[in-house]
Amino acid sequence: MKRILSGIQPTAESLHLGNYLGAVKQWVELQEGNDAFYCIVDLHALTIETEPAALRRRTLASAAQLIALGLDPKRCTLFIQSHLSEHNQLGWIFECITGFGEASRMTQFKDKSQKSGADRTVVGLFTYPMLQAADILLYQANKVPVGEDQRQHIELTRDLAQRFNSKYGDTFTVPEAHIMKASAKINDLQDPTAKMSKSAASNAGVIDILDSADVNAKKIKSAVTDTGKEVKFDEKSKPGISNLLTIHSSLSGKSIAELENEFIGKGYGDFKSAVAEVVTEYFAPVKVKAEELLKDEVGLIEILREGAEKARVVANRTLKSTYDALGLVPGKQFLP
Ligand code: ATP
Ligand code: LTN
């Protein structure tokens, strides 16, 4: 069985369509026939200053949505990053073998730090990829399902694993990024050349899966398109329509060609209504299920704690071999 690991930051009240199609949908599929670990990376979320009540709420809401979207705690290990101190401990080791220049070249760091300026950029944003490498390598993951934007962080993770292995002996499995081409990048409905993102300046082009059907239908109907009439996939001249075709196709299971055929001679209005309908049908039951799970907070936290205990068995073992390989004198923190 292949080991899978992925993570998501609890930085919003609701996941958006990009998170689902770019990441979580594959997580659900990969539960079958693999040993899958999925982590809510709350420590990573601390790189963005958040009100404590909001962080807590978002962490639980993320867990509820992941389960509602199809993650089954019986078939995968779902847990919260901060429940295991091993993540921070291994993260430090990777900070000690990552070059300063190497870390400075990470585009996520460059983009985010440029936006807020050096004085307002926290060091945690700089060391973020080393903590992410720890998330992955602690579990000896073979595959890491993520969206296209995470490719560089996975590349760094591979480099760090190889660097450590060649210096200190085989300790980590070198993981591979698992990026699904078709839906790897869902774009903003208002700016179809930019990725759909919770940190977008405006929420008007972001489909939140917990939003009401009305709100989402309205957003889809006012999606920016070109001045043409044909429903045809062409990312260059029709980025808006292409994005909507990708969304429809990924949710309905119909191929792009099938959809192009279906809408020959019909206008953009009809097509947008169809997309809105598919989105509503798909996410209405998810919203109900997530709300139900959130009502029983104690039960939800218990599921996550059980996940952490399963994760700890693997993470603790990897940390022990790492410490041994480095020549750190063994303490009593390791499981028998
Ligand atoms: P931000 O844009 O504020 O950094 P985000 O909305 O991209 O946040 P993350 O928590 O960083 O959300 O991403 C969770 C997962 O969803 C990642 O694997 C990421 O690659 C994927 N993802 C996020 N946005 C998109 C998108 N628009 N299309 C496809 N995948 C996406
Ligand atoms: N950086 C990722 C979230 C993340 C992650 C991980 C993804 C943290 N640790 C480990 C995969 C594996 C993001 O912003 N989407």
Side-chain angles (χ1 to χ4, degrees), residues 1-9 23 26-27 30 34-41 43-44 47 76-77 79 81-110 123-180 184 308 310-328 330 333-335:
M1 275 222 280
K2 288 259 189 289
R3 181 69 57 74
I4 309 290
L5 180 126
S6 198
I8 190 161
Q9 296 192 66
Q26 303 167 70
W27 295 14
L30 287 165
N34 294 294
D35 186 15
F37 286 70
Y38 299 122
C39 183
I40 298 168
V41 292
L43 297 171
H44 277 114
T47 56
C76 71
T77 304
F79 65 104
Q81 185 188 33
S82 66
H83 286 189
L84 291 134
S85 52
E86 284 83 351
H87 290 250
N88 305 69
Q89 291 171 297
L90 189 62
W92 171 254
I93 307 294
F94 291 139
E95 285 173 38
C96 294
I97 64 164
T98 303
F100 193 85
E102 190 176 29
S104 309
R105 283 192 292 277
M106 293 294 118
T107 50
Q108 179 179 296
F109 170 72
K110 285 200 287 189
V123 174
L125 202 59
F126 187 64
T127 57
Y128 181 116
M130 287 68 102
L131 181 59
Q132 180 167 354
D135 297 341
I136 298 167
L137 299 181
L138 269 178
Y139 300 95
Q140 308 288 355
N142 305 101
K143 272 192 199 173
V144 186
V146 282
E148 180 62 42
D149 59 326
Q150 292 299 308
R151 191 186 286 280
Q152 196 188 26
H153 285 172
I154 310 304
E155 236 358 270
L156 176 73
T157 302
R158 289 169 55 83
D159 288 346
L160 292 175
Q162 279 158 348
R163 190 173 307 163
F164 190 99
N165 286 349
S166 64
K167 261 194 181 159
Y168 302 103
D170 253 351
T171 308
F172 300 111
T173 303
V174 181
E176 263 169 42
H178 179 83
I179 298 173
M180 244 187 27
K310 278 202 277 170
R312 198 182 309 282
V313 177
V314 183
N316 194 272
R317 196 189 310 135
T318 303
L319 188 70
K320 179 169 189 317
S321 9
T322 310
Y323 275 22
D324 284 346
L326 284 165
L328 297 171
Q333 74 269 50
F334 297 110
L335 302 171

Checklist line | From Q150, M106, Q108, E102, residue fulfilling side-chain contact (heavy atoms from CB on, under 4.5 Å) relative to P129 | finding: M106
Notebook entry, point to check: For W27, which of I4, I8, V146 qualifies under side-chain contact (heavy atoms from CB on, under 4.5 Å)?
Noted result: I8
Distance-only, no hydrogens or angles: does the [X] side chain make a donor-acceptor pair with backbone N or O of [Y] under 3.5 Å?
X    : Y    : answer
Q140 : T171 : yes
R312 : H83  : yes
S6   : P145 : yes
N142 : T173 : no
E86  : L319 : no

Nearest heavy-atom pair of [X] and [Y]: which atoms, and what distance?
X    : Y    : value
F334 : N316 : CA-OD1, 3.4 Å
L30  : A36  : O-CB, 4.3 Å
L137 : A161 : CD1-CB, 3.8 Å
F79  : A308 : CB-N, 3.6 Å
T77  : A311 : CG2-N, 4.0 Å
Q132 : I154 : NE2-CD1, 4.0 Å

Note to self: For the CD atom on Q333, are there more than 12 heavy atoms of other groups (residues, nucleotides or ligands in this structure) within a distance under 6.0 Å?
What the structure shows: yes
Measuring from atom [atom1] of [X] to atom [atom2] of [Y], what distance do you get when rounded to the nearest 0.5 angstrom?
X    : Y    : atom1 : atom2 : value
H44  : L125 : NE2   : CG    : 10.0 Å
R3   : N34  : CZ    : CG    : 10.5 Å
F164 : D170 : CZ    : CG    : 10.5 Å
Q89  : L84  : CD    : CG    : 10.0 Å

Next item on the list: Report the C-alpha separation of N165 and V174 in whole Å, then their side-chain angles, then the decisive distance to 0.1 Å, and conclude whether the side-chain contact (heavy atoms from CB on, under 4.5 Å) test is met.
Entry: CA-CA 9 Å; N165 286 349; V174 181; 4.3 Å; yes
Find out whether [X] and [Y] are in side-chain contact, i.e. whether some heavy atom of one side chain is under 4.5 Å from a heavy atom of the other.
X    : Y    : answer
F37  : V314 : yes
F172 : T318 : yes
E95  : T98  : no
F94  : T157 : no

Checklist line | Y139-H87 aromatic ring centre distance below 6.0 Å | finding: yes
Next item on the list: For the pair H153 and L156, evaluate side-chain contact (heavy atoms from CB on, under 4.5 Å) and give the outcome as yes or no after the intermediate values.
Entry: CA-CA 5 Å; H153 285 172; L156 176 73; 5.6 Å; no
Next item on the list: Not counting sequence neighbours, which residues clear side-chain contact (heavy atoms from CB on, under 4.5 Å) with S82? List them please.
Entry: D42, L43, I80
Notebook entry, point to check: Can you name the side-chain contact (heavy atoms from CB on, under 4.5 Å) partners of D324, sequence neighbours left out?
Noted result: K320, P330
Check: So, Q81 versus D135: side-chain donor-acceptor pair below 3.5 Å or not?
Finding: yes
Check: Under the side-chain contact (heavy atoms from CB on, under 4.5 Å) criterion, do I93 and L90 qualify, and how do the steps go?
Finding: CA-CA 5 Å; I93 307 294; L90 189 62; 4.3 Å; yes
